[in-house]
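Data first, discussion second: the structure below is written as structure tokens.
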Amino acid sequence: MSKIVSKRVSNYELFFDLSFVLAISQMTSAIHIEPLNWQQILAFITINIVMISIWNNEAYYYNKFGDSRMIDIYSVIFLMLWVGNLALNINFDLEVLANNQLTVIAFNCFLILAYLTIALQYYLKGRKLGFNRVMKFHISFLLIYSIALLPLATTLIPFSLSVFPVYYLPLILPLFFRKELFTDRFNFAHFLERKQLLTILTFGESVVTIIRTYPLTHYPLEGVVFFLGLGFLFVFYIIQTFINVNHHQNASPLLLHYAHLIIILSLMFLTLGLQFIANKAHHELGSYFFIFSILAFFIGTLATSWYNHDFYQIDKKLIGQYSLILFISCFFFYILRHNLFLLGLSLVISTFLMQQTGMRYRRLMREKYNIVHPDPKQNKRDFS
């Protein structure tokens, strides 16, 4: 694959990410409903997809056409306003939503405003630079997403589970036009960095949850092992997406996007699981969330291996080793789920083994292809 010049993530994109700190926090707090059933869980997944879709559409715009023009600066500020207020209207209690149309109206109106603002970005940039096929496709899709939401925003259609497919349009529709949308002017390195930043924000919510739920003054052992386990998860993710992946390639971002959708959802469920297992009333459900999220996290992270450097491409043997560790880990997670310390300890061991297995494979591949191992001593000035 040919190398392309990297595009730096702008400060305005980082500023935009701050609105998702509120959204992530709001989602993990609003899901605490009595009783919690599959409908609320489905709603939780759906709202996560909605928020990721907004973020993703804005990331695509900045990747291809965004710069420091005033068009982008002012529009992203308004987009933050819509996203922040959208987050404040997140509610997973379907019975409350059925009887409170104001929340439903506000949520869908702010969602429409978010999509239309991104469409406006494409339109204004098209007037400056000239419209092309990619711009027209994105504008059309964003208008379709907005129009599809109008019956909900105007209460012409009552809110229920049956309307959820409308929120999945940004997830599904681009698949049918991937050649038109994801080849022209796409910068892989920039998009990967954006995905990493969103993942780090989601990790941040998990960090806050562990510290708040398992303070060392009350849970000295549990707080340490859960935090270490999360830390090793983060290390595994960074090694894979920062070191193993070839950042300078001309490749479709679709797999990267859907892999990160799994990663972010898994971290959101991990956050819920960590909260729920500390509560006797929700402990059993929390343990299932915990097991599911760890498994999904590694599946999503390893899916990005498709973009690895040629010499870091994983083989069947490595996949078998990872699978064996995960199978044994999930078994111990299940049988130890009623003991928080042992559950956390098993998380530390499993994540450490996954990390070391990957690092050992990297060393073997570097030796196989006669690539010198990194030596920090040779670059000690860079660390001073």
Side-chain angles (χ1 to χ4, degrees), residues 17 20 23-24 27-28 31 38 41-57 59-60 164-165 167-175 178 182 188 191-207 209 229-230 232-242 244-245 251-274 286-308 313-314 318-319 322-323 325-327 329-330 333 347 350-351 354-355 357-358:
D17 288 346
F20 281 82
I24 293 170
M27 283 188 285
T28 54
I31 192 63
W38 69 269
I41 295 173
L42 177 59
F44 181 76
I45 295 173
T46 302
I47 299 304
N48 270 276
I49 290 174
V50 167
M51 301 306 299
I52 294 172
S53 295
I54 298 173
W55 185 93
N56 205 56
N57 274 282
Y60 279 144
F164 277 21
Y167 298 114
Y168 298 142
L169 280 176
L171 189 68
I172 299 171
L173 192 58
L175 288 174
R178 50 188 179 274
F182 305 118
F188 182 84
F191 191 64
L192 175 58
E193 186 177 356
R194 296 296 291 125
K195 286 294 185 183
Q196 289 172 333
L197 289 169
L198 181 60
T199 304
I200 290 171
L201 290 180
T202 315
F203 261 111
E205 182 66 19
S206 299
V207 168
T209 294
L230 182 68
F232 288 153
L233 281 177
F234 180 74
V235 171
F236 185 90
Y237 170 79
I238 291 298
I239 289 174
Q240 168 53 34
T241 60
F242 185 73
N244 292 350
V245 168
S252 168
L254 272 181
L255 179 58
L256 186 69
H257 166 57
Y258 288 102
H260 273 84
L261 180 65
I262 295 173
I263 292 169
I264 291 167
L265 278 171
S266 69
L267 289 173
M268 294 296 286
F269 273 100
L270 177 61
T271 301
L272 295 184
L274 291 168
S287 63
Y288 293 136
F289 282 173
F290 181 89
I291 297 170
F292 160 79
S293 62
I294 298 299
L295 182 61
F297 174 84
F298 281 113
I299 291 174
T301 303
L302 290 173
T304 65
S305 299
W306 175 267
Y307 300 102
N308 282 8
Q313 289 294 330
I314 61 178
L318 181 62
I319 293 174
Y322 280 142
S323 300
I325 294 172
L326 288 176
F327 176 80
S329 298
C330 289
F333 291 158
L347 175 64
S350 63
T351 52
M354 290 289 288
Q355 175 188 318
T357 299

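Position 1 is the first residue of the sequence; numbering continues from there. Since the model is a prediction, treat every value here as computed from it, not as a measurement.
Contact check for F191 versus N56: side-chain heavy atoms found under the 4.5 Å cut-off. Counting heavy atoms from C-beta outward, L326 and M354 have side chains that approach closer than 4.5 Å. Residues T304 and H260 form a side-chain contact, since some pair of their non-hydrogen atoms from C-beta on lies under 4.5 Å apart. Between F234 and I200 the shortest side-chain heavy-atom distance falls below 4.5 Å. Using a 4.5 Å heavy-atom threshold, the side chains of R194 and D17 count as touching. Side-chain contact between L230 and T351 is absent, with no heavy atoms from C-beta onward closer than 4.5 Å.
Taking each heavy atom of Q313 and N308 in turn, the nearest pair found is NE2-O, 2.9 Å. Residues G273 and F289 approach most closely at CA-CB, 3.8 Å, considering heavy atoms. Nearest heavy atom pair, residue M51 against residue F20, reads O-CE2, 3.2 Å. Summarising the geometry of F164 relative to A43, their closest heavy-atom pair is CE2-CA, 3.6 Å, with the distance given to 0.1 Å. Contact between L267 and T202 at its shortest, heavy atoms only, is CB-CG2, 3.6 Å. Listed here is the closest heavy atom pair of G300 and A259: O-CB, 3.5 Å.
Here the two rings, on Y322 and F298, have centers that are 6.0 Å apart or farther. Ring pair F242/Y237: centre-to-centre distance not below 6.0 Å. Residues F188 and Y307 bring their aromatic ring centres within 6.0 Å.
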Apply side-chain hydrogen bond (donor to acceptor under 3.5 Å, both in side chains) to Q196 and T241, showing your working. CA-CA 8 Å; Q196 289 172 333; T241 60; 3.2 Å; yes
For a side-chain contact (heavy atoms from CB on, under 4.5 Å) check, start with the C-alpha distance between L302 and F236, then their side-chain angles and the critical distance, and finish with the verdict. CA-CA 10 Å; L302 290 173; F236 185 90; 3.7 Å; yes
May I have the step-by-step check of side-chain contact (heavy atoms from CB on, under 4.5 Å) for S350 and F333, ending in yes or no? CA-CA 10 Å; S350 63; F333 291 158; 3.5 Å; yes
Run the side-chain contact (heavy atoms from CB on, under 4.5 Å) test on L171 and Y258 for me, step by step, so that the C-alpha distance in whole Å, both residues' side-chain angles and the decisive distance to 0.1 Å come before the verdict. CA-CA 9 Å; L171 189 68; Y258 288 102; 3.5 Å; yes
One pair to check against side-chain contact (heavy atoms from CB on, under 4.5 Å): L270 and F297. What are the steps and the verdict? CA-CA 9 Å; L270 177 61; F297 174 84; over 6 Å; no
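Residues E205 and T28 bring a donor and an acceptor atom of their side chains to less than 3.5 Å of each other.
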